[in-house]
Amino acid sequence: MKQSELFTKVLRETPREATFVSHQLLLRGGFIYRFASGMYALLPLGFLVFKKIENIIREEFNKAGIQELLMSLLHPAELWKKTGRFETAGKELWKIKSRTGEEMVLAMTHEETIAAIAADTVRSESELPFIVNQFQTKVRDEERPRGGLLRLREFIMQDAYSFDKDEEGLSRSFQKMIGIYQKIFKNIGLPAIPVKASAGLMGGEDSYEFMVLADSGEDEVVICRKCGFAANTEIAKDKKECPQCGGEMVIKNSIEVAHAFKLGTKYSKAMNIFWNDKKGEKHLVQMGCYGIGLERAMATIIEISHDDHGIIWPLKVGPFRVHLLALGSSKKAVWKKIKKISEKLYQDLKKSGTDVLYDDREGRSAGEKFAEADLIGIPIRVVVSERTLEKNSVEIKKRKEDKVKLCLIKFFPSYLKTLL
Ligand SMILES: [Zn+2]
């Protein structure tokens with residue numbers, strides 16, 4: 001992508017309403033556009049990051065053989081009445097009416113809809129167990145949307161649902177999903193810790209939150225200094241010593257990036273999901289649900305990975321992996337040469353399948369280009385300038401490091417490969 005053609009809106013100043021670092025940098029870097037509180041568009045730079053995170057998640061699900069489906073955003077209110085959540089879900093549940101007065105709900109989560117499908121699908125043991133997954137919009141009438149992408153009124157979640165014939169099966173599915181989530185967070189670059197939590201609104205039996213320690217986080221976890229055992233503050237309240245090793249427990253701020261619930265039979269009871277054994281006896285299906293908020297994951301990466309100059313994206317989730325900068329020169333012939341060599345490098349990178357943003361813009365100072373590159377935070381910066389060309393070289397710098405390296409142009413493709 002040529003930066004001269006990039007559809008973006010870079011801000012020079014930090015918007016006043018943005019108090020979280022991720023919010024400030026996403027707005028300033030032109031990743032998102034704000035319509036109103038809790039409502040944003042992902043601009044092309046932001047959408048590229050979003051897609052990378054989505055693909056990392058999808059890849060792990062594919063590897064585990066979990067199928068993907070897509071349920072609607074509009075739900076008949078009737079389904080939510082069956083489970084009782086039409087009344088109990090609270091003011092966050094967005095209720096609407098059609099022109100003919102049909103009551104509907106905007107999806108806050110999809111237990112009711114997946115349960116409706118399962119009730120019509122599961123008949124015998126042979127259809128179990130299964131886990132299905134989707135990436136779909138969720139809507140919440142938040143009282144206090146804040147933090148940019150951290151707490152939105154509309155966002156996209158990866159939400160998976162497991163169905164098993166008994167509790168033992170549910171435990172297996174639950175463990176499988178915890179394992180998948182650990183791989184996903186490792187690949188995304190988020191050091192998320194599974195923390196035992198209470199089930200709350202979902203009304204299940206057992207649950208884990210995946211927490212990322214961050215000073216800006218609004219959740220708290222209690223963590224053992226010695227062995228790293230972590231628990232939710234509700235569960236660990238009053239405990240001064242670690243239940244695992246007796247070590248000292250401390251409270252840390254954190255951001256919740258995923259949740260896994262053992263739902264048990266709450267929804268299968270309400271929605272009549274059961275399987276018949278050979279004697280014709282009915283057994284309720286055991287359900288679990290598992291979700292990652294994608295925009296929040298994106299913002300959390302920034303909360304823990306930035307410096308005074310901007311974002312520091314991990315290699316796998318940056319909007320591009322390489323940022324190629326052609327630095328201007330007042331000498332026309334030199335600029336022509338810089339442009340020509342940069343253009344060739346850009347074409348070669350594209351041909352080799354390397355995603356690259358090429359700052360080909362004229363009339364911008366080196367200082368401006370460097371500042372914007374730091375703000376956007378693409379992991380590898382490659383500079384072509386009058387100075388580097390004197391040595392037939394390009395300059396390479398990782399966003400997360402200070403040191404720069406000159407590399408002869410002829411060795412550049414093979415050297416770059418070692419960095420990707
Ligand atoms: Zn411990």
Side-chain angles (χ1 to χ4, degrees), residues 20-22 53 56-57 60 64 131 147 150-151 158-160 162 164 167-264 286-293 296-307 312 314 316-317 400:
F20 284 80
V21 172
S22 60
I53 294 173
I56 288 171
I57 298 174
E60 287 305 323
I131 304 176
L150 284 168
R151 191 174 293 275
Q158 166 280 309
D159 47 327
S162 67
D164 282 274
E167 283 179 43
E168 215 188 308
L170 171 57
S171 287
R172 263 198 304 274
S173 295
F174 195 77
Q175 281 312 316
K176 178 176 172 174
M177 286 299 306
I178 299 280
I180 291 173
Y181 273 8
Q182 282 173 323
K183 280 186 210 155
I184 287 170
F185 286 120
K186 190 167 173 253
N187 287 339
I188 291 178
L190 275 178
I193 326 166
V195 172
K196 203 165 160 48
S198 60
L201 171 73
M202 294 296 175
E205 295 151 4
D206 199 358
S207 88
Y208 274 88
E209 287 162 344
F210 280 80
M211 293 291 200
V212 173
L213 300 183
D215 293 335
S216 57
E218 294 184 321
D219 288 308
E220 286 181 337
V221 289
V222 182
I223 193 159
C224 169
R225 274 188 200 272
K226 242 168 120 182
C227 75
F229 169 82
N232 171 304
T233 44
E234 277 170 62
I235 287 194
K237 62 174 162 259
D238 309 328
K239 275 189 198 133
K240 294 237 161 56
E241 283 178 6
C242 171
Q244 274 186 15
C245 76
E248 190 197 348
M249 304 280 279
V250 286
I251 295 179
K252 295 258 184 191
N253 285 69
S254 64
I255 301 171
E256 181 197 324
V257 287
H259 216 140
F261 294 97
K262 277 188 186 174
L263 298 170
Q286 297 274 338
M287 266 178 79
C289 71
Y290 316 87
I292 298 175
R296 184 185 287 190
M298 189 168 151
T300 305
I301 293 169
I302 302 172
E303 289 294 327
I304 61 162
S305 184
H306 65 269
D307 61 17
I312 305 174
K316 287 185 181 169
V317 298
K400 63 178 179 193

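None of the values given here were measured: they were computed from a predicted structure. When a ligand or atom number is given, it counts from 1 through the structure's own listing order.
Neighbouring protein atoms of the Zn ion (ligand 1) (N, O or S, distance under 2.8 Å, waters ignored): C224 SG, C227 SG, C242 SG, C245 SG.
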Starting from the C-alpha separation in whole Å, work towards a yes-or-no answer on side-chain hydrogen bond (donor to acceptor under 3.5 Å, both in side chains) for S162 and K176.
CA-CA 10 Å; S162 67; K176 178 176 172 174; over 6 Å; no

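The CZ atom of R225 sits 10.5 Å away from the CD1 atom of I223 when rounded to the nearest 0.5 Å. Of the inter-residue distances, the one linking S254 atom OG with L213 atom CG reads 6.5 Å to the nearest 0.5 angstrom.
Between Y290 and Y181, the ring planes lie perpendicular to each other; the angle is over 60°, past the 30° to 60° tilted range.
At least one donor-acceptor pair under 3.5 Å links the side chain of R296 to the backbone N or O of E256.
Taking the side chain to side chain contact (heavy atoms under 4.5 Å, CB included) definition, one finds that E241 meets it with nothing, sequence neighbours left out.
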